[in-house]
> 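Questions regarding the structure given below will be posed in turn.
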2 protein chains.
Amino acid sequence: MLTIGALAKKTGTKVQTIRYYEQIGLMPDPGRTEGGQRRYGNADLDRLSFIRHARQLGFTLEAIRELLDLSDHPDRPCHEADAIARRQLKQVEQRLARLEALRAELKRMVHECAGGRTADCRVLEVLRDHSECLTDHSEIGA
Amino acid sequence: MLTIGALAKKTGTKVQTIRYYEQIGLMPDPGRTEGGQRRYGNADLDRLSFIRHARQLGFTLEAIRELLDLSDHPDRPCHEADAIARRQLKQVEQRLARLEALRAELKRMVHECAGGRTADCRVLEVLRDHSECLTDHSEIGA
DNA sequence: CTTACATCCTATAGCTACTGGAGGTTCAAG
DNA sequence: CTTGAACCTCCAGTAGCTATAGGATGTAAG
């Protein structure tokens with residue numbers, strides 16, 4: 001039986017994060033000691049490892065909820081899990097494309113900066129005038 | 001003189017977002033009509049365009065605050081603006097590297113899924129067992 | 001001049017995925 | 001039996017918006 005701190009260490013999760021996962025129903029209510037402290041077993045360790053791994057691969061908590069649900073029903077067909085993973089892959093590829101465009105633009109900005117007064121700074125100039133951009137980057141964020 | 005809605009349309013920003021930028025001090029308090037509605041001029045349009053463009057390039061609002069500050073003082077040396085852009089470029093490159101690793105892993109997962117029962121699903125299996133991964137992807141997010 | 005209606009106003013809450021702190025309790029070692 | 005690390009709950013905060021409620025304003029048509 002693991003304390004929450006031991007489970008946290010084993011999975012590379014913060015204690016608060018585990019409690020948070022419990023709160024939102026991603027982790028089940030664990031057993032408790034008489035004094036009210038949480039104690040975890042191997043099933044909990046597996047489940048949390050799954051969650052953390054999926055997070056590292058960029059899946060949202062909602063997607064992970066679905067994946068866990070599928071994982072809990074071994075007899076159902078697996079095309080749903082496949083679809084979720086494909087969706088994730090697509091998103092990653094879109095973000096990659098956007099980031100590559102950003103990198104090009106930033107490189108251009110930085111390389112053209114001669115290091116004089118801010119009045120002549122290419123970095124600021126490019127930000128001021130979108131029409132100087134070569135790429136589109138219309139969507140926000142990355 | 002532009003209404004907030006017109007300014008929003010011109011810059012591809014939501015009305016609420018403009019009010020939010022004002023609230024956090026990124027946009028100045030605009031003039032108002034007798035009835036209390038905001039009215040914007042060309043300086044506001046330029047400033048908001050600058051902000052939006054920088055956001056599209058992935059700069060945080062804090063970085064944008066610095067860039068705007070530099071932009072407001074044309075006689076200062078510009079190495080700070082350059083440093084901010086370089087920092088941003090570095091971050092973008094790091095994210096690119098991570099996303100490329102994720103893409104590889106997701107591709108492998110998806111391609112290995114044969115489409116049977118969830119019990120045999122490669123997607124779920126890989127998530128369950130991190131040791132099956134080829135890449136590291138230890139940091140979270142993307 | 002009035003009415004209709006789109007747009008505006010403020011204030012507040014919500015989103016994702018956590019993280020941190022205050023103030024108090026429990027557990028295990030010595 | 002005492003100490004002190006680790007636990008507990010509850011609440012607030014992060015970034016960067018977005019959405020809603022409930023009401024006021026501005027403008028164009030009749």
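Chain letters run A, B, ... following the sequence lines, proteins first, then strands; residues in each count from 1.
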> Identify, with sequence neighbours excluded, every residue that meets salt bridge (charged side-chain N to carboxylate O under 4.0 Å, His left out) alongside B:Arg122.
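Partners of B:Arg122 under the salt bridge (charged side-chain N to carboxylate O under 4.0 Å, His left out) test: B:Glu112, B:Glu125, B:Glu132.
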> Report the distance from atom CD of B:Gln91 to atom CG of A:Leu99, rounding to the nearest 0.5 Å.
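The CG atom of A:Leu99 is 11.0 Å from CD of B:Gln91, to the nearest 0.5 Å.
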> If the threshold is 4.0 Å, N to carboxylate O, is there a salt bridge linking A:Asp44 and A:Arg38?
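Looking at A:Arg38 together with A:Asp44, the answer is no, because their closest N to O distance does not fall below 4.0 Å.
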> Below the 4.0 Å mark, does C:dC8 have OP1 or OP2 next to a side-chain nitrogen or oxygen of B:Arg38?
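No, because none of the side-chain N or O atoms of B:Arg38 sits under 4.0 Å from OP1 or OP2 of C:dC8.
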> Can you measure A:Arg52 atom CZ to C:dA17 atom P for me and round it to whole angstrom units?
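Going from A:Arg52 (CZ) to C:dA17 (P), I get 11 Å.
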> Could A:Arg65 and A:Glu62 be called an ion pair, given the rule that one side-chain N must be under 4.0 Å from one carboxylate O?
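Salt bridge present between A:Arg65 and A:Glu62.
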> Taking CD from A:Gln16 and C1' from C:dG21, how many angstroms apart are they, rounded to a whole number?
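Spelled out: CD on A:Gln16 to C1' on C:dG21 is 9 Å.
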> Does a side-chain N-to-carboxylate-O contact under 4.0 Å join A:Arg108 and A:Glu105?
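Salt bridge: yes.
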> Could you pull out all residues at least two apart from A:Asp129 that satisfy side-chain hydrogen bond (donor to acceptor under 3.5 Å, both in side chains)?
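In terms of side-chain hydrogen bond (donor to acceptor under 3.5 Å, both in side chains), with neighbours along the sequence ignored, A:Asp129 is linked to A:Ser131.
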> Verify, without hydrogens or angle tests, whether A:Thr17 (side chain) and A:Thr13 (backbone) share a donor-acceptor contact under 3.5 angstrom.
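No: the side chain of A:Thr17 does not pair with the backbone of A:Thr13.
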> Between A:Arg32 and B:Lys14, who's closer to the 5' end of DNA chain D by nearest nucleotide?
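First, find each residue's nearest nucleotide; the 5'-ward one identifies A:Arg32.
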> Along DNA chain D, 5' to 3', what are the outermost nucleotides having an atom less than 4.0 Å from a heavy atom of chain A?
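The contact span of chain A on DNA chain D goes from D:dC7 to D:dT9.
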> Among C:dC8, C:dT10, C:dA17, which nucleotide sits nearest the side chain of B:Val15?
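The nucleotide sitting nearest to the side chain is C:dC8.
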> Just N and O in the side chain of A:Thr17: are any of them under 4.0 Å from OP1 or OP2 of C:dA17?
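The answer is no; no side-chain N or O of A:Thr17 sits under 4.0 Å from OP1 or OP2.
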> Taking side-chain hydrogen bond (donor to acceptor under 3.5 Å, both in side chains) as the definition, give me every residue that meets it alongside B:Arg128, ordered by chain and number, with sequence neighbours left out.
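With neighbours one apart ignored, the set is A:Ser71.
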> Which of residues 18-31 of chain B sit near DNA chain D, with a heavy atom under 4.0 Å from it?
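By residue number: B:Tyr20, B:Tyr21.
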> Which residue pairs pass the ring pair (Phe, Tyr, Trp, His ring centres under 6.0 Å) test when at least one of the two sits in residues 7-40 of chain B, sequence neighbours left out?
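Residue pairs passing ring pair (Phe, Tyr, Trp, His ring centres under 6.0 Å), neighbours aside: none found.
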> Please list, chain by chain and in numerical order, all residues satisfying salt bridge (charged side-chain N to carboxylate O under 4.0 Å, His left out) with A:Arg87, sequence neighbours excluded.
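Listed in chain order: A:Glu66.
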> State which residues pass side-chain hydrogen bond (donor to acceptor under 3.5 Å, both in side chains) with B:Asp82; sequence neighbours excluded, sorted by chain then number.
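Residues passing side-chain hydrogen bond (donor to acceptor under 3.5 Å, both in side chains) with B:Asp82: B:Arg86.
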> Quick one: list whatever passes salt bridge (charged side-chain N to carboxylate O under 4.0 Å, His left out) with A:Glu100, sequence neighbours left out.
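If we apply the salt bridge (charged side-chain N to carboxylate O under 4.0 Å, His left out) test to A:Glu100, skipping adjacent residues, there are no hits.
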> Just the rounded figure in Å: distance from C1' of C:dT7 to NZ of B:Lys9.
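Answer to the nearest Å: 11 Å.
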> For residues 53-105 of chain A, which residue pairs qualify under ring pair (Phe, Tyr, Trp, His ring centres under 6.0 Å), counting only residues two or more places apart or in two chains?
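Listed once each, the pairs are A:His53-B:His130, A:His53-B:His137.
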> Base contacts versus sugar-phosphate-only contacts with protein, heavy atoms under 4.0 Å: please encode nucleotides 22-30 of chain C as B, S and - from 5' to 3'.
----BS---
> If you take any heavy atom closer than 4.0 Å to DNA chain C, which residues from residues 63-71 of chain B end up in contact?
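By residue number: none to list.
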